[in-house]
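Remarks on the structure that follows.
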2 protein chains.
Amino acid sequence: MFAFRLDTRSGVPTYLQLVEQVRHGLLLGYLQDGDQLPTVRDVAAALVVNPNTVAKAYRELERAGLVAPRAGQGTFVTGNVDRVPAATYAKLSARLRAWVNAAREAGLGPDQVRALVTAILDEDRSKARAA
Amino acid sequence: MFAFRLDTRSGVPTYLQLVEQVRHGLLLGYLQDGDQLPTVRDVAAALVVNPNTVAKAYRELERAGLVAPRAGQGTFVTGNVDRVPAATYAKLSARLRAWVNAAREAGLGPDQVRALVTAILDEDRSKARAA
DNA sequence: GCTTGTGTACTATCCGACTAGTACAATGCG
DNA sequence: CGCATTGTACTAGTCGGATAGTACACAAGC
């Protein structure tokens with residue numbers, strides 16, 4: 001079963017964090033067509049948040065056409081998303097993992113690693129906008 | 001002069017985004033000891049936010065000992081942060097940039113790139129916590 | 001000394017995220 | 001049918017971020 005996590009210090013609204021995690025799961029293949037998401041009440045209990053907050057996230061995902069609710073059953077993935085081919089995914093993640101290790105060995109702390117990644121991704125975003 | 005940017009859709013509070021960007025600038029060497037940050041009023045005008053919001057960010061940075069205000073002058077960096085050596089930084093960022101390009105050429109969209117990076121960094125975070 | 005530009009402080013207000021609690025609709029199962 | 005489980009809907013309230021507007025304190029420069 002898919003598991004959620006929360007970062008309360010990030011300032012990102014809870015329901016958006018949940019939406020993001022499902023989106024990422026779909027993009028990376030952790031979640032596939034037909035998979036069931038944890039029930040609203042389960043998630044609410046596990047993360048100690050209000051059921052309404054979880055429901056808001058699920059509603060958002062439903063609006064986006066990524067999941068569909070079945071009353072009395074739960075919420076299920078209706079995967080119509082471009083997934084990364086498994087081989088490509090494995091290759092890229094291995095290479096990225098190596099990079100993170102190299103950065104850590106070069107003495108960079110987690111914050112510095114994140115800062116550098118953010119900077120490079122922002123470059124990429126700027127290029128994408130310019131193109 | 002240092003320049004700020006805003007991502008209004010991220011859900012991250014404005015003042016926290018400003019704090020983060022200064023922190024990153026310090027970590028990566030974009031900002032150095034003695035550098036002046038844009039004035040509160042300049043930032044407020046450029047980003048179209050309330051001066052109080054910018055002041056809140058600067059106050060936060062001052063509390064952290066990263067910057068110091070000089071009345072009538074502006075806010076200046078008091079850089080007591082571990083910076084990444086320039087050579088290390090150049091090497092790592094080049095390698096990461098290459099990885100991003102490879103990912104894009106493999107057909108991954110910006111969102112997928114970010115998702116993958118987030119996933120790997122979360123792995124790293126979990127390992128760091130476990131250690 | 002006066003003016004200008006800077007950071008700071010304060011109050012009031014608005015809005016969105018989140019919570020609390022309850023109730024309802026639909027499905028599956030005995 | 002009756003019950004449990006699930007998602008959904010609604011109202012009311014709390015809390016924090018952001019805004020608006022004003023006022024103050026300090027330093028530099030004419």
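Quick caveat, the model's predicted, so the values are computed rather than measured. Quick note on labels: first sequence line is chain A, next is B, and so on, each numbered from 1.
- Without hydrogens or angle criteria, B:Glu60 side chain to B:Val19 main chain gives no donor-acceptor distance under 3.5 Å.
- When the side-chain nitrogen and oxygen atoms of A:Gln73 are compared with OP1 and OP2 of C:dG28, one or more of them lie within a distance under 4.0 Å.
- Just one residue in the list A:Gln21, A:Arg5, A:His24 forms a side chain to side chain donor-acceptor pair (under 3.5 Å) with B:Asp122, and that residue is A:Arg5.
- Ranked by how close their nearest DNA chain C nucleotide is to the 5' end, A:Leu16 and B:Gln36 are led by B:Gln36.
- Atom CZ of B:Phe76 is separated from atom P of D:dA28 by 11 Å (rounded to the nearest Å).
- Look at CZ on B:Arg63: it is 17 Å from C1' on C:dG7, rounded to the nearest Å.
- For a distance-only test at 3.5 Å, the side chain of A:Arg59 fails to qualify as a donor-acceptor partner of the base of D:dG7.
- Using a 4.0 Å heavy-atom distance criterion, A:Glu62 is classed as a sugar-phosphate-only contact.
- With hydrogens and angles disregarded, a donor-acceptor distance shorter than 3.5 Å links the side chain of B:Gln36 to the backbone of B:Gln73.
- For A:Pro13, whose side chain is taken as the heavy atoms from C-beta onward, the closest listed nucleotide among D:dA23, C:dA17, D:dG7 is C:dA17.
- Taking atom OH of B:Tyr58 as the reference point, atom P of C:dT6 lies 11 Å away to the nearest angstrom.
- Rounding to whole angstrom units, CZ of residue A:Arg41 and C1' of D:dT5 are separated by 7 Å.
- Following rounding to the nearest Å, B:Leu6 (CG) and D:dG17 (P) show an atom-to-atom distance of 16 Å.
- Rounded to whole Å, the distance from CG on A:Leu18 to P on D:dG7 is 13 Å.
- The base of D:dG21 lies close enough to the side chain of B:Asn52 for a donor and an acceptor atom to sit less than 3.5 Å apart.
- D:dG7 atom P lies 17 Å from atom CD of A:Glu60, rounded to whole Å.
- Proximity of a side-chain donor or acceptor of A:Thr53 to a complementary backbone N or O of A:Val49 within less than 3.5 Å is not detected.
- The phosphate of C:dA17 (OP1 or OP2) has no side-chain N or O of A:Thr53 nearer than 4.0 angstrom.
- When the side-chain nitrogen and oxygen atoms of A:Lys56 are compared with OP1 and OP2 of C:dC18, none of them lie within a distance under 4.0 Å.
- Nearest nucleotide to the A:Asn50 side chain, out of D:dC26, C:dA20, D:dG17: C:dA20.
- Of the possible polar contacts, one joining the B:Thr78 side chain to the B:Leu66 backbone as a donor-acceptor pair under 3.5 Å is found.
- Atom OH in B:Tyr15 sits about 19 Å away from atom P in C:dG7, given to the nearest Å.
- A close approach under 4.0 Å does not occur between any side-chain nitrogen or oxygen of A:Arg70 and OP1 or OP2 of C:dG28.
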